[in-house]
Amino acid sequence: MLENAIAAMDAQLRTLGNPSSLHTQGRHTRKDVEDAREILAKELDCLASEIIFTASGTEANNTAIKGIYWQQKALGKNVIVISAIEHHATLDPAAWLAEHEGAEVIYAPVTKDGVIDLDFLRTLIAKRGSEIALISVMHANNETGAIQPIAEIVKIAGDIAVHTDAAQSFKKIQLSFKSLGVMALSISAHKIGGPLGIGVLVLRRGVEIPALLHGGGQEREIRSGTLNAPAIVALATAAQDKSYDAAAIAKIRDDFAARVTQVVPGSFVNAINVERLPGIVNVTFPGTQSDTLLLLMDGEKVSCSTGSACSAGVHRPSHVLMAMGHDEISAMSSLRFSFGRTSTQADCDGALAVLPSVITRGRAASGV
Amino acid sequence: MKLIAAMSGGVDSAVAAARAVEAGHDVIGVHLALSSNPQKYRSGARGCCTIEDSHDARRAADVIGIPFYIWDMAEEFHDGVVEDFLSEYAAGRTPNPCLRCNEKIKFAAVLDRARAMGFDGVVTGHYARTEIGPDGKTLHRAVDHSKDQSYVLSVLTIEQINGAIFPLGDTTKVDIRKEAEERGLAVAQKPDSHDICFVPSGDNAGWLRDRLGSEVGPIVDQDGTKIGEHKGAYTYTIGQRKGLGLTVPTADGSPRFVLKIEPVTNTVVVGSREELAISTMKGERPVWCGPAVDSEHTRGFVQVRAHGAALPCTYYFDGTLLVAELDEPLLGLATGQAMVIYDGDRVVGSATICETA
């Protein structure tokens, strides 16, 4: 978490009132929350009134996807289109709607570089556009970093509602709610150095959707619950931070991507041919199992991550890599390396230095 | 040493990992996911490998302060343990799946992977001891005989014993629970797992019937005369007396016992108590946990059940089979079980019982 965000949160905790209270202390907190809302509106290029605070990015996605679906279902539309590479915070609410609310979910395929297939989308909309309740495609993929053409999707979609999960891209690359033209957009504070447990749903002004959480009606009657003022203020502070040097991080990323295939012959970088987030490199190391590599890298003090795990923590092949054409074995031999604000060239060099020995041990372990 | 601690989520493996750390080893906790569909096998205190168990294991690792990972061994477990269990029953034998799990998973798949990754061995919460003697490392009973698990470890080769660390062998279960409490481990009072972990209902016969069918077949006496019917021969156990549903009484009114299960003809053979008695057993696929047994007749003990008695015997290896001649006859012994030879508290070796007389 960013130091200035911690300080903002700490200060807010010390003067805390309920922003919905009408007394002086409540009004003070309300002012801080509304200041934060305006700051975020500026950073997201949307109206302050379009910001709905939630308790997580997952909640923002659920609110948008379920709410828009229910609103559109009342108009006779029941098809949800999402990309095959969405985060579980999108995949699972869509699947839940299919199971419980009569939705038909269509998974738009991606290219081998992990970008949504726009021709598929065009054909689908030409054929079944009148049945589509919403389209939800992430702004950038969390596993490969591949940036998705949201503005073009919006153009192709015409009148169809488009939601984008921008949790990965906010503050990493240019993000404008207005320019993208989507109806709804989700972000999460902890992805930008803000606190855990706070997210934002940006929902176009005038759009009314059924709520998930009912109660005091705090956020446009779409989201009830006492506003988490300290976290909101800290989120706004983090959103104004300028210390994320995208160009410098992208340079480290590119250096890593170029050298990793040299130090580990046979390895390859996924989504290498497309525009990606500055800090993500996803590498496949054939002949290994990535959970073994993660353990060994961890032992070398290098943190990286595997695609996904089930609820019991068992390593599973990444659905993102599978959608890009990997088979299970190849998908399960891939690792994601992330570089952030505090990453240095020395970190990159250090990871590359330990990789050959880790891969050798990893290959031996997967051969037994 | 660099060690992998196999952590089931229970109290024993948690304390074992903590003790290994305290002994100065570099320890990493690993929970083995043995079911490809963990929820399927979830049922209260029974069994293991549920999502809850994996959380308990992670929590224990966090409290101890060691890294924690989950290894997916579901396929190996299914092929090596569950399938073996089914095919053994289908062949009319009575297998011990815990023994297979130690042989094929914990001290084979896990130990091999650990060694390939640069670790020196595997720590488990088994109640057993090892000693370093003139002939190398040997396997021994735990001091807490009521919890002793050396029987199910008797399938380990010397090579595997060399890579195994059992930190709990010198302590009673009661004291392990106390120690877990003192260490702040929430699993201190977690109930022991019983029965077979992949049969969460505890109803082995029902579980087997679901998978092997329940074809009706004859119950015959020693002369081959049909005296009743059964629903699936493999749900019977050698020595079983109750639940046979026989209405034809014996001439002298004495009870009948299951003597033999013949899977090919789907026949259950019953007879008198005397006919159950055996005094010699022979076992195939022997494993020596120390110096190999030879043809010399040696005095020792044989144990045929996980928590059974150690029976005084003379044992030898005839070149193919491990033979134990009992001092006193034993009633009801199923083939497929392990016969484990002890020299005092030391595990000499084991074999799978294939013949009794």
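Below, read A as the first sequence line, B as the second, and so on, with proteins coming before strands; counting in each chain starts at 1.
Under the 4.5 Å side-chain criterion, counting only non-hydrogen atoms from C-beta, R316(A) is in contact with D72(B). With a 4.5 Å cut-off on side-chain heavy atoms, L295(A) and W71(B) count as touching. The closest side-chain heavy-atom distance from Y69(B) to L294(A) is below 4.5 Å. Residues H315(A) and I70(B) fail the side-chain proximity criterion, which asks for heavy atoms closer than 4.5 Å.
In this structure, E284(B) places its CD atom where more than 12 heavy-atom neighbours from other residues, nucleotides or ligands lie under 6.0 Å away. Within a 6.0 Å sphere centred on CD of E101(A), heavy atoms belonging to other residues, nucleotides or ligands number more than 12. For CZ of R183(B), the number of neighbouring non-hydrogen atoms (other residues, nucleotides, ligands) closer than 6.0 Å is greater than 12. When the shell of 6.0 Å around CG of L13(A) is examined, it contains more than 12 heavy atoms from other residues, nucleotides or ligands. Residue K173(B) qualifies as enclosed at atom NZ: its count of foreign heavy atoms under 6.0 Å is above 12. Taking a 6.0 Å sphere around CD of E104(A), one finds it holds more than 12 heavy atoms contributed by other residues, nucleotides or ligands.
With a 4.5 Å cut-off on non-hydrogen atoms, F68(B) does not touch chain A at all.
Residue T360(A) holds its OG1 atom at 13.0 Å from CE of M117(B), rounded to the nearest 0.5 Å.
Nearest heavy atom pair, residue T292(A) against residue R113(B), reads OG1-NH1, 3.9 Å.
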